[in-house]
*Asks:* 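Sharing a structure below in structure tokens format, with a few things to ask.
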2 protein chains.
Amino acid sequence: MPKTRPVVSVENVVASASVEQKMDLNEITRTFPNVEYHPDQFPGLVFRLTTPKTATLIFTSGKMVCTGSKSEKMARLAVKTVVDRLRAGGIKVERDAIVEIQNIVASINLGGRIHLEQAARTLPRSMYEPEQFPGLIHRMLDPKTVILLFSSGKLVCTGAKKEPDVFRSVNNLHAMLEEKDLMLYS
Amino acid sequence: MPKTRPVVSVENVVASASVEQKMDLNEITRTFPNVEYHPDQFPGLVFRLTTPKTATLIFTSGKMVCTGSKSEKMARLAVKTVVDRLRAGGIKVERDAIVEIQNIVASINLGGRIHLEQAARTLPRSMYEPEQFPGLIHRMLDPKTVILLFSSGKLVCTGAKKEPDVFRSVNNLHAMLEEKDLMLYS
DNA sequence: TATCTTTATAAATCGCTATATAAATACTGA
DNA sequence: TCAGTATTTATATAGCGATTTATAAAGATA
């Protein structure tokens, strides 16, 4: 049995948003010289914030993608801040953005080593090709997430749309690893 | 002043050798299926030993290059073992190999951190381009060796032909670093 | 209709970067 | 033709940039 509880840390939250109006990216580029906009390379403009430390992609459609937040709440705050900044810079933005969380990435430490070779044989929906990537890739059905397992006992959980789903995924997997005796605590 | 003595470890010894006679590398390949011989790629045959864990290149000229030993003595033993193995396999080898040590590589831990930026400015014959390689490359004149310095306080000394030269090189450099106050002990 | 572009993020591993050194080939450049 | 460079082997050191996963957005390309 485990000596420690899994230590979970949300590392990145991806949110999509929309202000429901056309945006003039060239105008934004002129008012905010620090943004990155290379339409030949990618259609989105990159708007970075220091706090919360995020990068928000803004498209001509008024849709946005915000990445880098450490929580759902911070992602919403980041989008709000971007819109406020645009307005403060004289860019007309009629309504506040509607934000939807699209992906939550978390790192986890189970506190013991995982026998990956064995796990690859016993865990369903697993992919393990150590010469290609050192982690075992496991697709969980409920919640629908993907977990990368490393021999060190550390995990990466991605694909969750709600924070509780990260915890449920980790608990499900941890129980499974315990049950099948795939963990080694030292 | 240093709290610890440098910890020196010889990591690799390269020796050249010769049995002073032509060798039939195809014959060796037939008798020892585990050797590697791809004349289109490289003219030398690779003969590996488990103890001492080494790789010896054998050329048609009868000359050899032995790498991987942890000491001068082990390098000589490795070459002797290769020749004995050849003879045991029915390969005629008239005389014992004449061995010459060509290079000794050692890793060193000074036990304190090195201020590389500063060292690059004060040490003569130094090259430091961190974006290309994280170590500072210092060419020592006497003994004629090359020392790689890392911020961690670890070194790599290469180019020595005698083990005492490794120690002399390390002591010279250590004294120099102390003198110019480039070390930080914590 | 796919896949690529870009952004962020963790995990751990590989292959580069650089150093010396011998050997014997092939190759390129003046 | 001659001088360089590349090939291969081992070895420590330590940075960097892939590798993989999910996810949205809007263009381009196939």
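Values in this document were obtained by computation on a predicted structure and should not be read as measured data. Proteins get letters first, then strands, A, B, ... in listed order; numbering begins at 1 in each. Heavy-atom basis, side chains included; hydrogens, waters and symmetry copies ignored.
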*Asks:* Does either side chain, that of A/Thr29 or that of A/Glu27, offer a donor lying less than 3.5 Å from an acceptor on the other one?
*Replies:* no
*Asks:* What pair of heavy atoms forms the shortest contact from A/Gly112 to A/Tyr185, and how long is it?
*Replies:* CA-CD2, 3.8 Å
*Asks:* Where do N or O atoms of nucleotides 15-18 of chain C meet protein N or O atoms at under 3.5 Å, pair by pair?
*Replies:*
from, atom 1, to, atom 2, distance (Å)
C/dA18, OP1, B/Gln132, NE2, 2.8

*Asks:* Do A/Phe150 and A/Ile147 share a hydrophobic cluster, counting only Ile, Leu, Val, Met, Phe, Trp and Tyr and linking them when any side-chain heavy atoms are less than 4.5 Å apart?
*Replies:* no
*Asks:* Short question: side chain of A/Glu178, backbone of A/Met183 - any donor-acceptor pair under 3.5 Å?
*Replies:* no
*Asks:* For DNA chain D, find the residues of residues 86-97 of chain A with a heavy-atom distance under 4.0 Å and give them by number; none if there aren't any.
*Replies:* none
*Asks:* Can you give me the bend angle of the helix from C/dT1-D/dA30 to C/dA30-D/dT1? Use the axis through the first five pairs and the one through the last five, nearest 10 degrees.
*Replies:* 130°
*Asks:* Counting only N and O atoms by type, is there a donor-acceptor contact under 3.5 Å from the side chain of B/Gln102 to the main-chain atoms of B/Ala160?
*Replies:* no
*Asks:* Over all heavy atoms of both residues, which pair between A/Ala106 and A/Ile108 is shortest? Give the atoms and the distance, please.
*Replies:* O-CD1, 3.6 Å
*Asks:* Decide whether A/Leu116 and A/Val170 are clustered together by the hydrophobic rule: side chain heavy atoms of Ile, Leu, Val, Met, Phe, Trp, Tyr closer than 4.5 Å, transitively.
*Replies:* yes
*Asks:* What's A/Ser18 touching, base or sugar-phosphate or nothing? Going by heavy atoms closer than 4.0 Å.
*Replies:* nothing
*Asks:* List for me each residue that meets side-chain hydrogen bond (donor to acceptor under 3.5 Å, both in side chains) alongside B/Asp96, sequence neighbours excluded, and say none if there are none.
*Replies:* B/Arg87
*Asks:* What is the 5' to 3' range of DNA chain D, first to last nucleotide, that sits under 4.0 Å from any heavy atom of chain A?
*Replies:* D/dT19 to D/dG27
*Asks:* Without hydrogens or angle criteria, can the side chains of B/Ser16 and B/Glu100 be said to hold a donor-acceptor pair below 3.5 Å?
*Replies:* no
*Asks:* Name the residue closer to the 5' end of DNA chain C, choosing between A/Pro130 and A/Asn12 according to the nucleotide with the nearest heavy atom.
*Replies:* A/Asn12
*Asks:* Could you state the atom-to-atom distance from CZ of A/Phe59 to P of C/dT5 in whole Å?
*Replies:* 15 Å
*Asks:* Please report the distance, rounded to the nearest Å, between OH in A/Tyr128 and P in C/dA11.
*Replies:* 17 Å
*Asks:* Shared ILVMFWY cluster between B/Leu57 and B/Ile28, side chains joined below 4.5 angstrom?
*Replies:* no
*Asks:* Heavy atoms under 4.0 Å, any strand shown: does B/Thr54 hit a base, just sugar-phosphate, or nothing?
*Replies:* nothing
*Asks:* Run through B/Ile114, B/Leu136, B/Val8 and flag the one making a side-chain contact (heavy atoms from CB on, under 4.5 Å) with B/Leu155.
*Replies:* B/Ile114
*Asks:* Quick check: on DNA chain D, is the nucleotide nearest B/Pro43 upstream (toward 5') of the one nearest A/Val105, or the reverse? Name the residue that is more 5'.
*Replies:* B/Pro43
*Asks:* Can you see which heavy atom on B/Val83 is nearest to which on B/Val19, and at what distance?
*Replies:* CG2-CG1, 4.0 Å
*Asks:* Within the 4.0 Å heavy-atom criterion, would you say B/Thr60 contacts the bases, only the backbone, or no part of the nucleic acid?
*Replies:* sugar-phosphate
*Asks:* Would you say B/Ser61 reaches C/dA24's phosphate, i.e. side-chain N/O to OP1/OP2 under 4.0 Å?
*Replies:* yes
*Asks:* Tell me which residues in residues 154-163 of chain B put a heavy atom below 4.0 Å from DNA chain D, sorted by number, or none.
*Replies:* B/Lys154, B/Val156
*Asks:* Ignoring hydrogens and angles, state whether a donor on the side chain of B/Ser169 or B/Thr145 is under 3.5 Å from an acceptor on the partner side chain.
*Replies:* yes
